[in-house]
Amino acid sequence: MSIYDTLNTKQKEAVFQTDGPVLILAGAGSGKTRVLTHRVAYLIEEKGINPWNIMAITFTNKAAGEMRERVDGLVGFGAESIWVSTFHSTCVRILRRYIDRLGYDHNFTIYDTDDQKTIMKEVCKYLDIDTKVYKEKMLLSAISKAKDELIGPIQYRLNVQGDYSKEKIAKVYEEYQKRLKSNNALDFDDLIVKTVELFRDNEDVLDYYQERFKYIMVDEYQDTNTAQFQLISILASKYRNLCVVGDDDQSIYKFRGANISNILDFEKVYNEATVIKLEQNYRSTQTILDAANHVIQNNFGRKDKRLWTENEEGEKIAYRQFQNAYEEAEYITEDIAQKVRSGAYEYNDCAILYRTNAQSRTFEEKFILANIPYKIVGGINFYARKEIKDLLAYLKTIDNAKDDLSVKRIINVPKRGIGAATIAKVQDFAIAHEMSFYDACRVVEDIPSIGKSGAKIKLFVNFIQVLRSKLEFLSVTEIMNEIIEETGYVRDLEAENDEEAIARIQNIDELISKIVTYEESTDEPSLSGFLEEVALVADIDSLAEDSNHVVLMTLHSAKGLEFPNVYLAGMEDGIFPSYMTITSDDPTEIEEERRLCYVGITRARQHLTLTCAKQRMIRGETQYNKVSRFIKEIPSSFVDLEVTEDKIQEMPKSMLYQQARNTFQSKVFEPKMFQVKKAESLTYGIGDTVKHIKFGTGVVTAIVEGGKDYEVTVAFNTAGVKKMFASFAKLKKVEQ
DNA sequence: AATGCAAAATTTTTT
DNA sequence: ATTTTGCATT
């Protein structure tokens with residue numbers, strides 16, 4: 001009996017095919033992680049490959065950690081020398097060693113999105129770019145896109161010759177890159193780009209890594225972009241033992257540069273490739289899988305495959321429609337509470353998935369009310385919070401004196417009386433003398449017209465220098481404590497003593513415990529090492545498995561996870577699929593949304609609930625959305641609809657036209673639940689006093705009968721005169 | 001230089 | 001609706 005006996009035929013095939021290029025098309029829940037880990041074990045134990053020669057690349061640290069853990073469980077010893085990490089941390093590791101070849105220092109800083117924006121603002125100001133016409137965000141995304149395709153500033157400029165506005169972007173790109181370099185910093189995209197550059201220009205380095213990584217495995221291959229593909233190709237080009245695992249139906253990161261043709265054309269690029277399809281699903285019930293299959297079938301240009309399972313049919317998929325987002329959240333909250341009470345599920349069996357982060361708030365409110373433990377993944381990254389960024393900027397300043405951005409961030413935090421005018425003078429001096437901002441601070445007495453501020457800057461510089469000298473004999477934790485103590489950062493917050501300040505202090509405490517954890521769990525902890533780890537964390541990484549709480553996250557974050565009981569909330573056209581993709585004239589965009597839906601459905605093991613609201617507040621405006629087209633793609637035989645009096649209600653007239661049109665266009669069978677019932681008579685008339693949930697009481701001044709609904713005008717006592725549709729307003733007559 | 005208010009942007013998804 | 005940003009004031 002060997003560990004491989006538990007694998008099915010296809011899985012075994014994938015595990016045993018160790019040499020040459022291999023493409024594993026692994027459907028959702030088909031045990032791809034199992035295959036990858038067993039493959040590693042097989043390479044080491046049966047093929048006698050040195051663990052040192054194996055590399056596995058994933059997208060998130062969480063996935064990497066899981067894989068490492070599982071490999072450890074399978075392989076007797078040596079597992080620790082397998083290189084398991086994400087694209088980004090792989091590149092950082094390589095660059096830390098060789099980046100001097102590209103003219104950077106080894107202790108380079110990694111800039112996050114916020115930092116990029118700050119740099120871009122400076123660039124625009126410097127180049128006199130009108131940011132009303134060229135938005136920073138737009139410029140950054142253009143640059144990011146270029147980097148994804150491995151197009152450098154110079155080539156970009158050549159490519160866009162003759163196009164005035166793109167030439168401007170080229171100029172920005174060049175200046176942006178120049179500034180990153182003088183700050184000794186790389187952005188996320190640079191990590192990949194620079195590594196490819198390093199390999200292209202330094203044969204000895206490339207050769208070293210090619211010899212080292214004789215066996216390369218890439219997970220979530222459908223989400224790789226061109227730069228990542230190049231990186232992998234270059235590394236694998238010598239031994240060609242490249243095994244990629246992916247599912248084209250789960251490609252959901254096109255907006256981030258993921259190139260789906262990497263997976264679709266793998267066999268063309270590697271024509272000797274072995275292709276293995278894993279189609280047996282071990283995760284979900286038959287019903288859930290059928291639903292997923294029906295949805296994804298509507299996409300064109302996908303690799304042909306069909307998931308099947310030996311699992312039982314299971315419960316039907318619940319579908320519930322509500323008046324608004326509050327009722328939707330209330331229902332889900334109550335449903336979870338009830339299922340936990342009955343013992344059917346634990347809190348951590350349940351996940352709520354939604355399209356946009358903004359949707360999480362309504363749920364959060366209801367969870368707090370219901371006293372249910374929950375965890376929201378995503379939204380504002382922990383490390384993107386002000387207080388955390390401030391304190392990290394101190395660490396970065398100590399670590400990398402060229403990181404002007406960090407220095408400028410904290411030079412006057414807490415307030416030291418160093419204002420914008422002073423900073424500008426130092427900046428000008430630094431540029432004139434071609435030195436870094438911090439170095440200019442060090443020689444502040446040489447700067448003319450600096451005045452009294454010079455002494456203040458000197459104090460700041462001394463503070464940093466002292467810390468830097470202490471770096472040798474103090475731990476990162478001790479340094480951090482000293483920063484907090486000396487700057488009085490926490491003391492100031494304590495003085496504020498409001499809710500926000502308390503939350504910030506808690507965040508700072510969390511940061512300290514993260515530093516402690518880092519120093520305890522790392523062999524050779526260092527300041528650079530900690531900063532690096534911090535720069536590359538994703539929110540999903542911190543999702544602990546042992547604690548018992550409901551998880552809330554976007555559909556994107558949910559990729560790769562599974563839960564017994566899943567809720568897909570906000571299933572409305574305009575929300576999911578998003579408004580952007582519906583109105584776009586690129587039909588592949590809606591296909592990406594559909595893949596996202598497929599990902600969502602296949603997260604569920606046993607029970608799936610789809611919910612939507614007829615009415616939803618978006619950016620302060622009430623929207624009336626029709627039911628998501630994806631729901632209509634699920635045959636009604638798989639769906640359970642609870643019909644209650646409240647659930648079937650009138651749509652306003654304006655929506656009816658749209659819905660009718662939609663019904664007309666839709667080829668797929670439309671379940672009864674979407675049909676609209678004719679209104680009953682109203683319980684109130686003109687002159688009656690009525691009560692509204694939000695606006696309070698008022699007097700009905702007019703009722704206009706439309707085709708399908710009544711438009712009621714009410715003069716509220718406090719809220720003024722409002723016109724509303726009877727079915728939505730839920731007005732109650734007040735007896736006098 | 002710090003505070004306070006009005007205007008503008010935000011929301012599709014993130015390593 | 002809420003949050004961030006810019007501008008003007010003290």
Just the rounded figure in Å: distance from [atom2] of [N] to [atom1] of [X].
| X | N | atom1 | atom2 | answer |
| --- | --- | --- | --- | --- |
| A/Lys62 | B/dT14 | NZ | P | 15 Å |
| A/Glu532 | B/dT15 | CD | C1' | 14 Å |
| A/Phe229 | B/dT15 | CZ | P | 23 Å |

*asked:* When you compare the side chain of A/Arg355 with that of A/His556, does any pair of heavy atoms fall below 4.5 Å?
replied: yes
*Between A/Asn299 and A/Tyr598, is any side-chain donor less than 3.5 angstrom from a side-chain acceptor?*
no
Find every protein N or O atom lying less than 3.5 Å from an N or O atom of nucleotides 1-4 of chain B, and list the pairs.
unit_1, atom_1, unit_2, atom_2, d
B/dA1, OP1, A/Gly419, N, 2.6
B/dA1, OP2, A/Ala420, N, 3.4

*Would you indicate, yes or no, if B/dT13 has its OP1 or OP2 atom less than 4.0 angstrom from a side-chain nitrogen or oxygen of A/Ser557?*
no
*Watson-Crick and G-U pairing of DNA chain B written in dot-bracket, each distance under 3.5 angstrom, with | for inter-strand partners*: ||||||||||.....
*Is it true that A/Tyr221 and A/Phe266 have ring centroids separated by less than 6.0 Å?*
yes
_Basic-acidic side-chain contact under 4.0 Å: A/Asp112, A/Lys389_ = yes
*Would A/Glu197 and A/Lys194 pass as an ion pair if we require N to O under 4.0 Å?*
yes
*At their closest point, which heavy atom of A/Glu328 faces which heavy atom of A/Phe322, and how far apart are they?*
CA-CD1, 3.6 Å
_Going by the rule side chain to side chain contact (heavy atoms under 4.5 Å, CB included), which residues pair with A/Gln427 if we only count those two or more places apart in sequence or in a different chain?_
A/Lys408, A/Ile431, A/Phe437
*Using side chain to side chain contact (heavy atoms under 4.5 Å, CB included) as the criterion, list what pairs up with A/Arg416, not counting sequence neighbours.*
A/Tyr394, A/Asn412, A/Pro414, A/Ile418, A/Phe460, A/Phe463, A/Thr487
*asked:* Students often get this wrong, so: under 4.0 angstrom with heavy atoms, is A/Arg595 touching a base, only sugar-phosphate, or nothing?
replied: nothing
Distances under 3.5 Å between protein N/O atoms and the N/O atoms of nucleotides 5-12 of chain B, please, pair by pair.
unit_1, atom_1, unit_2, atom_2, d
B/dT12, O2, A/Arg355, NH1, 2.7
B/dT12, O2, A/Arg355, NH2, 2.4

*With rounding to whole Å, what would you report as the distance between B/dT11 and B/dT15 at their P atoms?*
16 Å
*Who pairs with A/Gln359 by side chain to side chain donor-acceptor pair (under 3.5 Å), at least two apart in sequence or on another chain?*
A/Thr356
